[in-house]
Amino acid sequence: MKILITGGAGFIGSHLTDRLLKENFQVICVDNFDNYYSSDEKKQNISQHASNIDFELVKGDITDKELVAEALSIYKPQIVIHLAVRPGVSHSIQKPDEYLQTNIAGTLNVLEAMRIYQPKKFIYASSSCVYGLNEKTPFTETDHIALPASPFAATKIAAEALCYSYSHLYQINTSILRFFTVYGSRQRPDLAIRKFMWNILMDKEIQIYGKGFTLRDYTHVSDIVTGIRKAMDYTAEEYSVFNIGNSSPIKLIDLISKIETVLGKKAKLKFIDKNHGEMPVTFADITKAQKILGYNPETELDAGLHEMARWIKTITNKVK
């Protein structure tokens, strides 16, 4: 079976590519190697697959409608997994137009190609940020999503709405997966755990928004990949939405304490003003995914932090 993954060279996409190739799927990776962070990292993520006959790399941007359509026309994948995104809450406040182009118009291009070439399954990688400033926790899939805290969150909500309309109009079997605060090896350098570990190991300050009381439902990338893999086999509903999280939120300040223990080194903390684009809490109710997909996160936070620490040390050792 052929699987086309947009953003397949990135953090989550490369781990998914690893898993699918091990299971003898054919993988078509579409990635533009955007300079939001080092393109060399993304190239390294998939370098081991360069000679694999079951792996194809299509270099290009999902905002290029013709390129997206051509990829589906040539490779004829049975499943399309749409991970490509312009990430970053803070950056979306500064340059919201870029987020509309990639996250909304780019998603529309993928859906238009789906409409024409009709793969049997579409999976869209959404985010816990769609729950926005909801005060009810844990978040369930039926909660309203009308209170986005940032332009990034607003684009993910809009993309979900497009996915629903295309599923309804053209009978595209679609699963929306809302990921909760993903971490693990290959994590983007701007994300909290990698940034904290890097700064501690390099004797730099860690900046903490507010008092460090924000809550996050950290989910290891291996569990996210398992959630995607299970959704690939789910076709009972034409349109479905699932939370893919860990369902065990922790305060930021307590996370840092755990990281200090894992690294065996104290952090230098600097408390700064609250970031108004950030959500105060992410907390997944994963009951639906457990019952319907058989999804159960297996990586506890302590074990996941140890795994990530081993990886980050290989990077810091090269620059010290």
**Student:** For the pair R194 and D190, find out whether any cationic side-chain nitrogen is under 4.0 Å from an anionic carboxylate oxygen.
**Tutor:**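 Salt bridge flag = no for D190 with R194.
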
**Student:** Which residues pass the side-chain hydrogen bond (donor to acceptor under 3.5 Å, both in side chains) test with S128, not counting sequence neighbours?
**Tutor:**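 S128 satisfies side-chain hydrogen bond (donor to acceptor under 3.5 Å, both in side chains) with no other residue.
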
**Student:** Kindly state each residue pair satisfying salt bridge (charged side-chain N to carboxylate O under 4.0 Å, His left out) with at least one member in residues 114-133, sequence neighbours excluded.
**Tutor:**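 Found E112-R115.
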
**Student:** Taking salt bridge (Lys or Arg N to Asp or Glu O under 4.0 Å) as the test, write out the residues that go with D302, two or more places apart.
**Tutor:** K258

**Student:** What's the separation between atom OG in S257 and atom NZ in K251, rounded to the nearest 0.5 Å?
**Tutor:**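 If we round to the nearest 0.5 Å, S257:OG and K251:NZ are 12.5 Å apart.
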
**Student:** Say whether, by atom type as modelled, one donor and one acceptor occur between the side chain of T219 and the main chain of T181 under 3.5 angstrom.
**Tutor:**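 Judged by distance alone, no pair lies under 3.5 Å.
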
**Student:** How long is the straight-line distance from CG of L108 back to CG of N103, given to the nearest 0.5 Å?
**Tutor:**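 One finds 13.0 Å between CG of N103 and CG of L108.
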
**Student:** Can you list the residues that meet the side-chain hydrogen bond (donor to acceptor under 3.5 Å, both in side chains) rule with K42, with sequence neighbours excluded?
**Tutor:**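 Counting only residues at least two positions away or on another chain, K42 forms no side-chain hydrogen bond (donor to acceptor under 3.5 Å, both in side chains).
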
**Student:** Output yes when a side-chain donor or acceptor of S39 lies under 3.5 Å from a complementary backbone atom of N35, and no otherwise.
**Tutor:**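 Side chain of S39 to backbone of N35, a donor-acceptor pair under 3.5 Å: no, none is there.
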
**Student:** I'd like to know if the side chain of T282 reaches the main chain of F180, judged simply by a donor and an acceptor atom lying under 3.5 Å from each other, with no hydrogens or angles considered.
**Tutor:**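 Checked: no pair found.
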
**Student:** Would you list the pairs meeting ring-ring contact (aromatic ring centres under 6.0 Å, His included) in which at least one residue belongs to residues 60-85, sequence neighbours left out?
**Tutor:** H82-Y124

**Student:** For the backbone of I172 and the side chain of T174, can you confirm whether one donor and one acceptor N or O come within less than 3.5 Å of each other?
**Tutor:** yes

**Student:** When Ile, Leu, Val, Met, Phe, Trp and Tyr are grouped by side-chain heavy atoms lying under 4.5 Å apart, directly or through other members, which residues fall in the same group as Y37?
**Tutor:**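 In the cluster with Y37 are Y36, V85, V89, Y99, F152.
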
**Student:** Quick check: are there more than 12 heavy atoms from other residues, nucleotides or ligands sitting under 6.0 Å from CD of E298?
**Tutor:**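 Not more than 12 within 6.0 Å, no.
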
**Student:** Could I get the full list of salt bridge (Lys or Arg N to Asp or Glu O under 4.0 Å) partners for D34, not counting sequence neighbours?
**Tutor:**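 Listed in chain order: R86.
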
**Student:** Can you measure from CD1 (I193) to CG (L301) and round to the nearest 0.5 angstrom?
**Tutor:**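 Going from CD1 on I193 over to CG on L301, the span is 6.0 Å.
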
**Student:** List the residues meeting salt bridge (Lys or Arg N to Asp or Glu O under 4.0 Å) with R19, not counting sequence neighbours, and say none if there are none.
**Tutor:**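 By the salt bridge (Lys or Arg N to Asp or Glu O under 4.0 Å) rule, R19 matches E23.
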
**Student:** Step by step, would you call F242 with Y234 a ring-ring contact (aromatic ring centres under 6.0 Å, His included)?
**Tutor:** CA-CA 11 Å; F242 297 99; Y234 181 68; 5.6 Å; yes

**Student:** Counting only heavy atoms from other residues, nucleotides and ligands, does the tally under 6.0 Å from CD of E70 exceed 12?
**Tutor:** no

**Student:** Might you work through the side chain to side chain contact (heavy atoms under 4.5 Å, CB included) test for L215 and F283, ending with a clear yes or no?
**Tutor:** CA-CA 8 Å; L215 286 160; F283 184 0; over 6 Å; no

**Student:** Pair up each side-chain donor or acceptor in residues 49-56 with any protein partner under 3.5 Å, not counting sequence neighbours, and list the distances.
**Tutor:**
unit_1: H49; atom_1: NE2; unit_2: D18; atom_2: OD1; d: 2.6
unit_1: N52; atom_1: OD1; unit_2: D54; atom_2: N; d: 2.8

**Student:** Once side chain to side chain donor-acceptor pair (under 3.5 Å) is applied, what residue pairs with a partner in residues 198-210 remain, sequence neighbours excluded?
**Tutor:**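 Pairs touching residues 198-210 that pass the test: D203-K265.
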
**Student:** Could you name each residue pair satisfying salt bridge (charged side-chain N to carboxylate O under 4.0 Å, His left out) that touches residues 142-152, not counting sequence neighbours?
**Tutor:** K136-D143

**Student:** Would you say the side-chain atoms of H220 and N246 include a donor-acceptor pair closer than 3.5 Å?
**Tutor:**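 Note: H220 and N246 side chains miss the donor-acceptor criterion.
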
**Student:** Is the shortest distance from a Lys or Arg side-chain nitrogen in K291 or E141 to a carboxylate oxygen in the other one below 4.0 Å?
**Tutor:**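 Salt bridge: no.
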
**Student:** List the residues meeting side-chain contact (heavy atoms from CB on, under 4.5 Å) with D273, not counting sequence neighbours, and say none if there are none.
**Tutor:**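 Not a single residue meets the side-chain contact (heavy atoms from CB on, under 4.5 Å) criterion with D273.
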
**Student:** Is a side-chain N or O of S167 found less than 3.5 angstrom from the main chain of N173, in a donor-acceptor match?
**Tutor:** no

